[in-house]
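Everything below concerns the one structure shown next.
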Amino acid sequence: MGTRRKAWRLSRPRVPARWSVTAGRLPRAEQKGVAIPAGSGHEGSCPRCHTIHDSTGGRDFMTEIRNLSQHVNEEVTLEGWLANKRSSGKIAFVQVRDGSGTAQVVASRSEVDDASWQAIQEAVQESTVRVVGRVNEDHRAPGGYEIHASELELLALSEEFPISPKEHGTAFLMEHRHLWLRSSKQRAALRVRSEVCQAIRDYFYDGGYTLVDSPILTPAACEGTSTLFETDYFGDKAYLSQSGQLYLEPAIAALGKVYCFGPTFRAEKSKTRRHLMEFWMVEPEIAFMRFEALCDLAEDFVCSLVTRVLDRCAEDLEVLERDTKALEAVQKPFPHISYTEAIERLQAKGNPIAWGDDFGADDETQITADFDRPVKISRFPTKIKAFYMEPDPDNPEVVLGLDVIAPEGYGEIIGGSQRIHDLELLERRLAEHELPREAFEWYLDVRRYGTCPHSGFGMGIERFVAWMSGVKHLRETIPYPRMLNKIYP
RNA sequence: UCCUGGGUAGCUCAGUGGUAGAGCGGUCGGCUGUUAACCGACUGGUCGGGGGUUCGAGUCCCUCCCCAGGAGCCA
């Protein structure tokens with residue numbers, strides 16, 4: 001290491017980055033101590049919080065910054081990235097980020113050894129460091145806790161970090177997406193995403209659903225409408241899945257209530273803040289569920305997720321400057337209007353839309369503008385919806401389809417329907433949509449071998465996370481967005 | 001694919017026909033409680049590519065490339 005260090009170009013400490021300092025994250029609800037069984041190889045771990053014993057050198061316990069409040073007046077060891085540094089000659093304030101939070105480290109010239117002081121001078125933004133010091137409560141420190149360093153070791157000097165303290169354009173940031181992830185708002189949005197995904201799994205697990213993974217590589221279009229990514233499958237054509245729904249329907253006969261949750265792909269040349277080429281979708285499908293129950297499920301599901309995010313992501317929402325009042329208003333029941341009523345409402349506002357037209361982005365915004373929570377719209381004209389949707393028994397011109405539109409312009413977050421369970425009708429619809437019958441034989445089997453009414457919906461994860469986070473563009477709700485003609489990094 | 005707005009220093013931008021600019025960054029120096037620290041000095045350019053008009057083009061014209069936002073489609 002010593003020889004390596006000499007090879008590095010020494011440079012002066014950099015001026016602080018503007019990245020916000022989320023110091024000393026308090027432990028989340030689950031982060032309680034875990035008992036470490038003897039002989040597990042982790043005997044060195046702190047019994048009060050998840051810490052990692054550094055087995056390579058038998059050094060002190062390594063503490064996660066989120067747990068600092070549990071170590072007041074104790075000496076701790078931290079390893080992390082230098083997020084920011086300010087210096088006044090004989091005293092330095094170093095913000096260290098370890099993934100669990102950011103902590104302020106205070107180093108006085110008179111209290112650290114020469115090597116540590118030299119390391120502090122040399123370390124630049126995003127260098128990795130090891131800090132040993134005592135945890136103090138101090139109102140002057142962001143987060144309320146700071147570490148008075150006794151030692152600071154420069155583990156790896158960083159090259160000049162491209163993301164500097166002042167503003168950057170989105171094009172530049174997207175080129176550096178892998179580095180942009182380190183900034184506070186990006187970290188907060190990804191944590192919200194993680195929480196949403198966990199909440200989804202918990203909701204369905206607790207509800208008795210079985211996870212049924214649908215294939216990514218499929219032989220044909222699911223709905224026959226979207227443009228799909230094509231790939232070679234040993235000489236045959238295969239397509240990246242745009243929905244798992246069709247593969248879920250056979251599974252309900254085996255497992256009753258099922259869901260899939262994974263990436264989906266659309267090759268449409270959509271270039272808007274509400275579209276990605278690769279996005280994640282969760283799709284429940286339930287045997288014997290009729291339309292009204294589906295509407296209730298979608299509503300309950302959304303409310304459950306919103307509550308969970310408000311409950312567990314308060315700190316992240318603050319970093320994101322999300323107005324949580326708008327989310328707190330999301331309570332049952334959601335307004336529920338028919339497609340026809342939605343058209344009438346739009347026309348009353350002077351919108352030239354006609355019955356039979358599909359809603360555009362502006363139309364959706366106009367509809368939700370009247371409400372403070374998501375809006376359910378149902379019973380769409382048969383011809384603008386997918387082939388598998390069950391006709392309304394009261395009016396065969398419309399189908400038992402449901403869209404849930406998020407407020408604040410985030411658009412359609414849920415689309416679902418009761419499915420056609422009658423074999424003959426489904427065969428007719430396939431023909432009307434000019435879909436290749438032979439490719440759907442397996443799908444028709446669901447109706448041949450003991451059919452039942454059933455329903456399901458799909459929810460786009462990124463749109464939901466964007467709505468929760470108050471982020472305007474979906475690209476900031478997924479770690480590595482795939483966008484029109486853009487696949488780097 | 002179409003519509004609109006852009007491309008000037010590492011980054012964000014100003015510059016509407018006459019010497020290429022600012023802030024931030026970077027480098028050097030100063031500062032013992034900083035909060036996007038601050039103060040001083042220094043550093044920084046194929047003005048997206050090509051062609052044209054002009055005594056003279058970052059600026060006007062043509063063309064191509066790239067980026068952003070939106071439309072259609074959807075989650």
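In what follows, chains are A, B, ... by sequence order, proteins preceding strands, each numbered from 1. Predicted model only: the values in this text are computed from it and were never measured. What you see below is based on every heavy atom in this structure, not just the backbone, and it leaves out hydrogens, waters and symmetry mates.
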If you check every side-chain atom of A/S108, which of B/U32, B/A71, B/C73 has the closest atom?
B/U32

Separation of the P atoms in B/C66 and B/G25, to the nearest angstrom:
34 Å

Beyond-backbone contact of A/Q242 with A/R266, side-chain heavy atoms, under 4.5 angstrom
yes

Let's see if you can work this out: which of B/C74, B/A75, B/A71 has an atom nearest to the side-chain heavy atoms of A/F279?
B/A75

Could you check whether A/E292 pairs with A/R379 (Lys NZ or Arg NE/NH1/NH2 to Asp/Glu carboxylate O, under 4.0 Å)?
yes

Would you indicate whether the side-chain heavy atoms of A/V375 and A/I337 approach each other to under 4.5 Å?
yes

In whole angstrom, what separates A/W117's CH2 from B/C31's C1'?
11 Å

Please report, rounded to the nearest Å, how far the C1' atom of B/C74 is from the CE atom of A/M459.
16 Å

May I have the distance from A/E364 (atom CD) to B/C73 (atom P), rounded to whole angstrom?
11 Å

Note: for A/T170 and A/I384 on RNA chain B, the residue whose nearest nucleotide lies more 5' is A/T170

Considering every strand shown, what is the Watson-Crick or G-U wobble mate of B/A57 when both distances are under 3.5 Å?
none

Have a look at A/F172 and say if it touches a base, only the backbone sugar-phosphate, or nothing, with a 4.0 Å heavy-atom cut-off.
sugar-phosphate

Heavy atoms only, 4.0 Å cut-off, all strands: where does A/L474 land among base, sugar-phosphate and nothing?
base

Could you work out which one of B/C74, B/G70, B/C67 sits closest to the side chain of A/R273?
B/G70

Nearest-nucleotide check on RNA chain B, A/M483 vs A/H148; residue mapping nearer the 5' end is A/H148

Among A/K185, A/R191, A/R193, which residue satisfies the salt bridge (Lys or Arg N to Asp or Glu O under 4.0 Å) criterion with A/D316?
A/R191

Taking any strand in view, what nucleotide pairs with B/C24 in a Watson-Crick or G-U wobble way, both distances under 3.5 Å?
B/G10

Heavy atoms under 4.0 Å, any strand shown: does A/T264 hit a base, just sugar-phosphate, or nothing?
nothing

Select one nucleotide: of B/G70, B/G33, B/A75, the one nearest the side-chain heavy atoms of A/T272.
B/G70

Among B/A71, B/A75, B/G33, find the nucleotide with the atom closest to the side chain of A/R266.
B/A75

Using a distance-only criterion (donor-acceptor N/O pair, under 3.5 Å, no hydrogens), is the base of B/C11 paired with the side chain of A/H168?
no

Using a cut-off of 4.0 Å on non-hydrogen atoms, how would the nucleic acid contact of A/A92 be classed: base, sugar-phosphate, or nothing?
nothing

Does OH in A/Y205 sit with more than 12 non-hydrogen atoms of other residues, nucleotides or ligands closer than 6.0 Å?
no

May I ask you to evaluate whether A/K269 reaches the phosphate of B/A71, defined as a side-chain N or O under 4.0 Å from OP1 or OP2?
no

With a 4.0 Å limit, can you tell me whether A/R475 has a side-chain N or O closer than that to the phosphate oxygens OP1/OP2 of B/C67?
no

B/A75, B/G26, B/G69: which one has an atom nearest the side-chain heavy atoms of A/H473?
B/G69

What's the gap between B/C24 and B/U63 when it is taken at their C1' atoms, as a whole Å value?
36 Å

Nucleotide of B/A75, B/U12, B/C73 approaching A/E412 most closely (side-chain heavy atoms):
B/A75

Mind checking if A/K385 touches a base, just sugar-phosphate, or nothing, with heavy atoms under 4.0 Å?
nothing

Among B/G33, B/U12, B/C74, which nucleotide sits nearest the side chain of A/D138?
B/G33

What nucleotide, of B/U32, B/C73, B/A75, holds the atom closest to the side chain of A/L276?
B/A75

Nucleotide paired to B/C38 in any strand shown, Watson-Crick or G-U, under 3.5 Å
B/G30

Should we say atom CH2 of A/W81 is surrounded by more than 12 heavy atoms from elsewhere, each under 6.0 Å from it?
no

Hydrogens and angles aside, do A/Q418 and A/H454 bring a side-chain donor and acceptor to less than 3.5 Å of each other?
no

Any N or O donor-acceptor pair under 3.5 Å from the base of B/G33 to the side chain of A/E146?
yes

Could you tell me which nucleotide pairs with B/G5 by Watson-Crick or G-U wobble geometry, both distances under 3.5 Å, or answer none if nothing does?
B/C67

Does any N or O donor sit under 3.5 Å from an N or O acceptor when you compare the side chain of A/R86 with the base of B/C31?
no

Closest listed nucleotide, where the reference is the side chain of A/F93 and the choices are B/A75, B/U34, B/A68:
B/U34

Nearest-Å distance, CG (A/L179) to C1' (B/G25)?
16 Å

Quick one: label A/E175 by what it contacts on the DNA or RNA (base, sugar-phosphate, nothing), any heavy atom closer than 4.0 Å.
nothing

Report yes or no: is there a donor-acceptor pair, N or O only, under 3.5 Å between the side chain of A/S270 and the base of B/C74?
no

Take the protein atom CZ of A/R274 and the nucleotide atom P of B/A75, then report the distance between them rounded to whole Å.
13 Å

